[in-house]
Amino acid sequence: MKELITTDGARLAYQDTGGEGVPLVMLHGWGQTQAMFRHQVEGLAPGRRVVTVDLRGHGKSGKPRHGYRIARLSRDVLELVDHLGLDRFDALGWSMGVSVWWSFVDQYGTGRIRRFVAVDQPAAVAAVPWMTEGEQRDSGAIFDVSGLLYLGAALAGAEGDTVRADFVRGMFSGEPDPDVLAFVTEEIRSTPAYAGVPLLFDHCAQDWRDVLPRIDVPTLVIGCEGSHVHPDSQRFVARRIPGARLHVFAPDVASSHFPFLENPSAFNAVVEKFLAEETAIGA
């Protein structure tokens, strides 16, 4: 594991496999870690250079008392790719990691991104009152503002560990693989409430619908029928991004928010096929 100190003093733990070709930079979701991609680091095409990172406040990275906003996390990612000298790379985000990439695109553009993979993230997590019912459905809103406030208070409260465990369990349909559930439940414990709660609030308060049409690189959107994120929200994201493709895993393939852990071979095959394609903007 390697480390980078950001311009505001946060310590980021990252992994860089080396290898040839276009690097793939992968970002994890809220409360999770780069270990989520343990089956992708070596499971994608042999020799592919894969970069993963624990976002600030997560995993083995530092837990400073500042910077828990999506915009700051996207700046951290910019500093990481600058540090690694990545002028051209493929970007994959899962859950909140997608939002970090959307913020990256919003602020810094798509000039360095060759291909983009967005895994199971709604365009807006919280249904705000000025959205119509149809807009709330399309955006994939998981709860309303009062529900977001309740969840944040519960996570910060005395029963925070139990609330986190229940939150994770709700991301699986049916009976999950006990090893996968235990792994995810353990990883989320690395994010303290003082980091996770304000970051979750900022993450859920974002509305990325205006960014989607400005994503002008080849994009693959991945959903899962068994996830707590409704696949219709992923269909909406794919429609809004010009020329984007969509792949939704059926319940017999993966039935949670974690298809890359549940069925690594199926997930890796879909991602690798997309990344291996030639494009007009360069290989």
Side-chain angles (χ1 to χ4, degrees), residues 24 26-41 43-44 52 90-102 115-127 136-143 164-185 187-188 200 203-204 208 212 215 218-241 244-275:
L24 172 63
M26 308 179 75
L27 302 182
H28 63 78
W30 179 84
Q32 294 301 327
T33 71
Q34 61 187 305
M36 293 292 107
F37 302 126
R38 57 184 180 172
H39 300 300
Q40 285 66 55
V41 170
L44 293 171
T52 59
D90 293 329
L92 183 148
W94 159 67
S95 197
M96 187 191 72
V98 180
S99 293
V100 176
W101 282 124
W102 284 338
R115 285 179 170 260
F116 177 45
V117 181
V119 184
D120 220 33
Q121 170 59 36
V125 178
Q136 292 176 12
R137 287 193 301 271
D138 285 342
S139 72
I142 297 171
F143 35 60
R164 278 195 297 271
D166 291 344
F167 187 59
V168 168
R169 180 61 183 85
M171 298 179 186
F172 293 84
S173 295
E175 288 300 320
D177 181 315
D179 291 337
V180 172
L181 178 60
F183 172 69
V184 174
T185 302
E187 290 300 290
I188 203 172
L200 182 66
H203 165 47
C204 293
W208 302 106
L212 303 182
I215 298 175
T219 298
L220 172 65
V221 179
I222 296 178
C224 194
E225 287 288 349
S227 174
H228 72 299
V229 176
H230 199 287
D232 282 350
S233 71
Q234 302 309 284
R235 297 182 178 100
F236 171 77
V237 169
R239 288 197 305 270
R240 294 284 290 168
I241 299 175
R245 302 182 195 178
L246 172 71
H247 185 94
V248 177
F249 288 110
D252 61 339
V253 178
S255 58
S256 76
H257 192 42
F258 308 88
F260 43 85
L261 287 173
E262 274 196 286
N263 198 329
S265 60
F267 182 87
N268 291 354
V270 169
V271 171
E272 183 56 43
K273 179 181 179 182
F274 175 72
L275 295 181

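Put simply, CD on Q32 and CE on M171 are 7.0 Å apart, with the number rounded to the nearest 0.5 Å. Distance check, rounded to the nearest 0.5 Å: CD1 of I188 to CZ of F183 gives 12.0 Å. Rounding to the nearest 0.5 Å places CZ of F267 at 4.5 Å from CD1 of I222. Atom NE2 of H257 sits about 4.5 Å away from atom NE2 of H228, to the nearest 0.5 Å. The distance from atom CD1 of I142 to atom SG of C204, rounded to the nearest 0.5 Å, is 7.0 Å. Interatomic distance, CG of L246 versus CD1 of I241, reported as 10.5 Å (0.5 Å rounding).
When all heavy atoms of A165 and T185 are compared, the closest pair comes out as CB-CG2, 4.3 Å. Residues C224 and S256 come closest through the heavy atom pair SG-O, 3.2 Å. Across all their heavy atoms, A244 and A238 have their closest contact at CB-O, 3.5 Å. Listed here is the closest heavy atom pair of S139 and P122: O-CB, 3.1 Å. Minimum interatomic distance between A126 and A141 (heavy atoms only, all atoms of both residues): C-CB, 3.9 Å. In terms of heavy atoms, P231 sits closest to V248 at CB-CG1, 4.0 Å.
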TODO: Evaluate the criterion side-chain contact (heavy atoms from CB on, under 4.5 Å) for residue pair V98 and F116; output intermediate values, then yes/no.
DONE: CA-CA 10 Å; V98 180; F116 177 45; 4.2 Å; yes
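Residues F249 and S227 fail the side-chain proximity criterion, which asks for heavy atoms closer than 4.5 Å. Side chains of W102 and V237 form a contact here, defined as non-hydrogen atoms less than 4.5 Å apart. Contact annotation: the side chain of L220 approaches that of V270 to within less than 4.5 Å [non-hydrogen atoms, C-beta and beyond]. No side-chain heavy atom of L261 sits less than 4.5 Å from a side-chain heavy atom of D177. With a 4.5 Å cut-off on side-chain heavy atoms, V117 and W101 do not count as touching. Considering only heavy atoms from C-beta on, H28 comes within 4.5 Å of F37 through its side chain.
Looking at E187, its side chain never comes within 3.5 Å of a backbone N or O of A35 through a donor-acceptor pair. Without hydrogens or angle criteria, Q234 side chain to Q121 main chain gives a donor-acceptor distance under 3.5 Å. No side-chain donor-acceptor contact under 3.5 Å links D138 to the backbone of F236. Formation of a donor-acceptor pair under 3.5 Å by the S173 side chain with backbone atoms of G226 is found in this model.
The aromatic rings of W94 and F258 sit tilted relative to each other, their planes meeting at an angle between 30° and 60°.
Note on residues 219-236: pairs passing salt bridge (Lys or Arg N to Asp or Glu O under 4.0 Å), not counting sequence neighbours, are E225-R235, D232-R235.
Cation-pi geometry between R245 and F274 is not met: the NZ or CZ atom fails to fall both under 6.0 Å from the ring centre and inside 45° of the normal.
Partners of W208 by side chain to side chain donor-acceptor pair (under 3.5 Å), not counting sequence neighbours, listed by chain and number: S99. The ring-ring contact (aromatic ring centres under 6.0 Å, His included) search around H230 returns none, not counting sequence neighbours.
For the residue pair Q40 and N268, a side-chain donor N or O sits within less than 3.5 Å of a side-chain acceptor on the partner.
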